[in-house]
Every structure is written in structure tokens, then in C-alpha cells.
*Asks:* 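Please read through the structure below; I'll follow up with questions.
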Amino acid sequence: MKAKLIRHNKVYDEDGNIIEVKMWRVDPSSDKFHGYKYSLVYIVGGERVIGYDNGEGRGDHRHYSNRMEPYKFRGLKKLTEDFYRDVERYREESL
């Protein structure tokens, strides 16, 4: 099956930072066993500060500032909630 885009939102927050969410339905594979490909990113000053993705061969993982760690995928709703929670946490820490 060809990847099917199921969600794409790109918005700018009040400070001009970018929040972009992209999700695709794909055939399940060894690194996308759940059948989804995704990229959720928060860009501040031209740099990614928060990111959730499952790029080819790397499996589900998240980026927070300069750290990268595995992410336990539990559905698109939970993924979205976790991402926006991290964005809010980052904003609070940056005040």
C-alpha cells in the first residue's frame, strides 16, 4: 500500500514558532508494526526542540532539546497528547 496521508497541520504559535504534525497510514513493517508513519515537530528559532517520529529504520522515538530516546507508541491520540504535553512543558521551562 502506498503511504496515505491522514493528517497534516502546520501552525505558527503567537511567537512565530512552528508546530507541524504529519501522519500517514502505511503497511505494517518491522519498524512500523502499528501501520503508521509520523512526524510531529516543534521548531523554535529555526531549530527542532521537540520531535516525535519513526524515520526509516529508527523505530518510534522522541527528541526533547538535544536528547533522543525511544518512544512507546500507544496510538495516534496518545502520540498527539504526548507531543503537545512536551510542547507545553518546553514553553513553561523557557519562561
Side-chain angles (χ1 to χ4, degrees):
M1 167 175 75
K2 184 177 173 185
K4 180 181 178 191
L5 185 66
I6 56 176
R7 181 176 179 189
H8 183 205
N9 302 88
K10 182 175 182 179
V11 297
Y12 295 84
D13 68 13
E14 61 276 1
D15 298 316
N17 303 313
I18 300 168
I19 298 171
E20 187 167 19
V21 173
K22 294 188 268 186
M23 299 173 180
W24 298 265
R25 185 81 167 127
V26 297
D27 286 330
S29 63
S30 60
D31 66 335
K32 293 172 186 60
F33 66 92
H34 41 64
Y36 295 104
K37 179 179 177 180
Y38 58 85
S39 173
L40 297 85
V41 65
Y42 182 46
I43 300 172
V44 176
E47 292 185 37
R48 178 191 62 202
V49 295
I50 306 291
Y52 285 69
D53 69 280
N54 59 349
E56 299 306 317
R58 296 208 271 157
D60 302 305
H61 61 280
R62 86 189 252 274
H63 304 264
Y64 192 96
S65 292
N66 294 323
R67 294 187 323 261
M68 184 177 96
E69 59 192 27
Y71 175 73
K72 183 171 174 72
F73 183 86
R74 289 168 277 176
L76 295 178
K77 182 178 179 189
K78 179 71 171 144
L79 170 70
T80 304
E81 290 169 356
D82 290 345
F83 170 71
Y84 280 105
R85 183 195 67 238
D86 276 355
V87 169
E88 286 304 313
R89 186 173 117 204
Y90 183 87
R91 286 177 173 170
E92 290 171 5
E93 290 173 352
S94 298
L95 293 177

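No experiment lies behind these values; they were computed from the predicted model shown. Along the sequence shown, the residues carry numbers beginning at 1.
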*Asks:* Is there a path of hydrophobic side-chain contacts, each under 4.5 Å between heavy atoms of I, L, V, M, F, W or Y residues, that connects L5 with V11?
*Replies:*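 Shared cluster, no.
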*Asks:* Can you confirm whether more than 12 heavy atoms, excluding those of E47, are under 6.0 Å from its CD atom?
*Replies:*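 No, CD of E47 has 12 or fewer neighbouring heavy atoms, counting only those of other groups under 6.0 Å.
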*Asks:* What class does the angle between the rings of H61 and H63 fall in, given that below 30° is parallel, 30 to 60° is tilted and above 60° is perpendicular?
*Replies:*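 Geometry flag for H63 against H61: perpendicular rings.
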*Asks:* Quick one: does any side-chain atom of R62 pair with a main-chain N or O of I50 as donor and acceptor, under 3.5 Å?
*Replies:*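 Answer holds: no.
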*Asks:* We want to know whether Y42 and D13 form a side-chain donor-acceptor pair, criterion being a heavy-atom distance below 3.5 angstrom.
*Replies:*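 Their side chains do contain a donor-acceptor pair, which is all the 3.5 Å distance test asks for.
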*Asks:* With side chain to side chain contact (heavy atoms under 4.5 Å, CB included) as the criterion, how do Y38 and K22 come out once you've worked through the C-alpha distance, each side chain's angles and the decisive distance to 0.1 Å?
*Replies:* CA-CA 6 Å; Y38 58 85; K22 294 188 268 186; over 6 Å; no
*Asks:* Considering non-hydrogen atoms only, spot the tightest contact between D53 and S39 and give its length.
*Replies:*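 The answer is CB-CA, 4.2 Å.
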*Asks:* Within this structure, what is the OH-CG distance for the pair Y36 and L76, rounded to the nearest 0.5 Å?
*Replies:*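 Going from OH on Y36 over to CG on L76, the span is 5.0 Å.
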*Asks:* Once the angle between the rings of Y52 and Y71 is folded into 0 to 90°, is it parallel (under 30°), tilted (30 to 60°) or perpendicular (over 60°)?
*Replies:*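 Taking Y71 first and then Y52, their aromatic rings stand perpendicular (interplane angle over 60°).
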*Asks:* To check you understand the geometry: which heavy-atom pair defines the closest contact between T80 and L40, and what is its length?
*Replies:*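 So the two residues come closest at CA-CD2, 4.3 Å.
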*Asks:* Have a look at V21 and tell me which of H8, R7, K10 forms a side-chain contact (heavy atoms from CB on, under 4.5 Å) with it.
*Replies:*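 When side-chain contact (heavy atoms from CB on, under 4.5 Å) is applied between V21 and each of H8, R7, K10, only R7 qualifies.
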*Asks:* Taking the side chain as every heavy atom from C-beta outward, state whether Y90 and V44 have any pair of such atoms under 4.5 Å apart.
*Replies:*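 Yes - at least one pair of side-chain heavy atoms lies under 4.5 Å apart.
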*Asks:* At their closest point, which heavy atom of G55 faces which heavy atom of D31, and how far apart are they?
*Replies:*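 Shortest heavy-atom separation between G55 and D31 comes out as O-OD2, 4.0 Å.
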*Asks:* Treating Ile, Leu, Val, Met, Phe, Trp and Tyr as nodes and any side-chain heavy-atom pair under 4.5 angstrom as an edge, say whether W24 and L79 lie in one connected cluster.
*Replies:*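 The answer is no; the residues belong to distinct hydrophobic clusters.
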*Asks:* Indicate yes or no: does E92 engage R89 in a salt bridge with an N to O separation below 4.0 Å.
*Replies:*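 Answer for the salt bridge query: no.
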*Asks:* Is it true that a side-chain atom of D15 and a backbone atom of N17 form a donor plus acceptor pair closer than 3.5 Å?
*Replies:*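 No; judged by distance alone, with no hydrogens or angles, the pair does not exist.
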*Asks:* Are R91 and E88 close enough, and set up right, to give a side chain to side chain contact (heavy atoms under 4.5 Å, CB included), and what steps lead you there?
*Replies:* CA-CA 5 Å; R91 286 177 173 170; E88 286 304 313; 3.0 Å; yes
*Asks:* Could you tell me whether a side-chain N or O of K37 sits under 3.5 Å from a main-chain N or O of K32, the two making a donor and an acceptor?
*Replies:*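 Checking the backbone N and O of K32 against the side chain of K37, no donor-acceptor pair under 3.5 Å is found.
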*Asks:* Which pair of non-hydrogen atoms, one from R85 and one from K78, has the smallest distance, and what is that distance?
*Replies:*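 For R85 versus K78, the nearest heavy atoms are NH1-NZ, 4.5 Å.
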*Asks:* Can you get from I43 to Y64 by hopping between Ile, Leu, Val, Met, Phe, Trp and Tyr side chains that sit under 4.5 Å apart?
*Replies:*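 I43 does not cluster with Y64.
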*Asks:* In terms of heavy-atom contacts, does CZ of F33 have more than 12 from other residues, nucleotides or ligands at under 6.0 Å?
*Replies:*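 Atom CZ in F33 is crowded, with more than 12 foreign heavy atoms closer than 6.0 Å.
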*Asks:* If you group Ile, Leu, Val, Met, Phe, Trp and Tyr by side-chain heavy-atom gaps below 4.5 Å, do V49 and V41 land in one group?
*Replies:*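 Different clusters.
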*Asks:* Honestly curious: do F83 and I6 fall in one hydrophobic cluster under the side-chain, below-4.5 Å linking rule?
*Replies:*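 Yes; I6 is reachable from F83 via cluster members.
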*Asks:* Would I18 and Y12 satisfy side chain to side chain contact (heavy atoms under 4.5 Å, CB included), going step by step from the backbone distance to the final call?
*Replies:* CA-CA 5 Å; I18 300 168; Y12 295 84; 3.3 Å; yes
